[in-house]
There are 2 protein chains.
Amino acid sequence: MKGNREKLEENALNAVQVGGLKSISFRTMAEEIGIKSSSVHYHFPDKSDLARTLIERYSEEFFRALKDISNKRWKLRSKIKAFIEIFESVAEANKLCLCGMLAAEVEQLDQSNRALLSEYFIDTEKWIVQLLNEHPDEIISDISPTALARSLLSGLEGALLLDRVVGDRQRLKAQKELYMSYFS
Amino acid sequence: MKGNREKLEENALNAVQVGGLKSISFRTMAEEIGIKSSSVHYHFPDKSDLARTLIERYSEEFFRALKDISNKRWKLRSKIKAFIEIFESVAEANKLCLCGMLAAEVEQLDQSNRALLSEYFIDTEKWIVQLLNEHPDEIISDISPTALARSLLSGLEGALLLDRVVGDRQRLKAQKELYMSYFS
DNA sequence: TAATACCTATCTATTGATAGAGATTTCGTA
DNA sequence: TACGAAATCTCTATCAATAGATAGGTATTA
């Protein structure tokens with residue numbers, strides 16, 4: 001069975017992806033699983049600690065998924081498609097990427113959490129660049145892999161943000177259309 | 001000289017673009033210009049009213065700038081460049097687009113403000129589509145104007161978000177490079 | 001006098017955080 | 001195996017700070 005710490009993490013991760021770090025409180029977290037707020041502080045001394053835990057947990061899972069994609073024996077376009085589909089599954093839950101959401105709240109984060117956020121974006125871009133470099137002959141473009149990686153990631157983060165407000169998936173779809181046209 | 005209402009709006013707009021709607025309070029707004037929080041409520045009955053004012057103010061100014069671009073006798077690529085440069089000037093101030101920031105906080109907004117946000121994004125996309133349709137011969141791409149407009153806007157919003165965290169302008173630069181390659 | 005714009009004073013709710021006391025479980029050692 | 005200490009987890013109770021919001025009074029100006 002699932003421990004309370006595990007439940008707290010899962011609920012908080014979801015809630016932050018929906019409403020941001022400022023939208024949750026130790027009390028609401030506690031009430032959702034039927035304990036007291038002081039018990040939540042036992043697991044997460046303060047909000048900074050909670051944020052760190054969530055970023056690390058989210059990043060771990062995310063990069064594990066990226067590794068799974070890299071390891072496949074697929075064409076580049078299939079790998080990029082699988083990458084984009086990670087974001088589509090986030091959109092289906094009416095959420096943002098955790099790090100995209102926290103990026104909006106970056107002014108409320110301490111330096112160490114800002115560094116973790118930055119790392120998440122940089123490492124994701126690096127992963128894309130490496131992917132592109134492994135399939136140089138499947139790229140139909142003069143744009144540098146780095147620029148392609150950077151615009152792809154920020155494009156997907158932005159699409160999540162806007163689609164949720166507009167209430168459709170048109171921007172993610174557009175990004176998919178646009179970036180798939182770069183690969184044979 | 002500037003009235004207090006004007007000062008409040010300007011300060012709040014800036015503060016929200018930096019830290020989000022939940023980062024400001026009626027008290028902090030009041031203190032910044034040396035009045036009491038109850039006086040702020042005189043101008044803005046509640047936070048929803050304040051948010052509406054800010055979105056309307058920001059949208060007005062933004063679409064005025066877009067109109068100025070449309071009216072120029074420029075090539076398409078110059079107009080797109082000018083459009084992207086609006087976002088660059090936002091990035092220089094270490095801010096987000098107001099509507100991009102509020103998009104992250106959309107769960108905390110009421111229906112009417114959500115509608116205003118959605119309108120901002122949709123209308124901006126429409127403006128880009130119209131621009132593209134006015135210069136069909138200057139587009140080097142098979143991608144539909146609509147998809148191009150949607151991915152450009154969400155790409156720029158995402159770039160603002162990520163660049164601020166990473167602490168450079170590389171994603172905006174990448175978006176610029178990528179999208180400029182679509183126009184002759 | 002009526003509208004505008006600000007004030008004092010106050011309320012209720014929520015928040016992050018802490019101290020210190022139980023309860024339960026784990027585990028090394030007699 | 002039994003015992004006691006230590007670790008783990010939760011509780012009650014309570015702070016101080018911050019928040020949005022309102023009632024009713026005051027000053028200034030049209």
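None of the values given here were measured: they were computed from a predicted structure. Note: hydrogens, waters and symmetry copies are ignored here, and every other heavy atom, side chains too, is used. Quick note on labels: first sequence line is chain A, next is B, and so on, each numbered from 1.
Phosphate proximity of dA5(C) to Ser39(B): absent, as no side-chain N or O sits under 4.0 Å from OP1 or OP2.
In summary, the side chains of Ser23(B) and Glu107(A) do not present any donor paired with an acceptor at a separation below 3.5 Å, with no hydrogens or angles considered.
Using a 4.0 Å cutoff on non-hydrogen atoms, the parts of residues 2-26 of chain B near DNA chain D are Ile24(B), Ser25(B), Phe26(B), ordered by number. Sorted by residue number, the members of residues 41-52 of chain A with any non-hydrogen atom under 4.0 Å from DNA chain D read Tyr42(A), His43(A).
Side-chain atoms of Ile55(A) and Leu102(A), non-hydrogen and from C-beta on, do get closer than 4.5 Å to each other. Side-chain contact check for Phe183(B) versus Ile140(B): every heavy-atom pair is 4.5 Å or farther apart.
For Ser38(B) against dT22(D), no side-chain N or O and base N or O form a donor-acceptor pair under 3.5 Å.
With salt bridges taken as basic N to acidic carboxylate O contacts below 4.0 Å, one links Asp163(A) and Arg171(A). Taking 4.0 Å as the cut-off between side-chain N and carboxylate O, Lys22(B) and Glu105(A) do not count as a salt-bridged pair. Salt-bridge annotation for Arg169(A) and Glu88(A): absent, with no side-chain N of the basic residue lying under 4.0 Å from a carboxylate O of the acidic one. One finds a salt bridge joining Lys2(A) and Glu10(A) here, because a Lys/Arg side-chain nitrogen approaches an Asp/Glu carboxylate oxygen to under 4.0 Å.
The nearest whole Å value for the distance from the CD1 atom in Ile33(B) to the C1' atom in dC7(C) is 14 Å. Between the CD1 atom of Ile35(A) and the P atom of dT8(D) there is a distance of 17 Å, given to the nearest Å.
Residues satisfying the ring-ring contact (aromatic ring centres under 6.0 Å, His included) test with Phe63(A), not counting sequence neighbours, are Tyr120(A).
Taking every side-chain heavy atom of Lys36(A) into account, dT12(D) is the closest of dC11(C), dC7(C), dT12(D).
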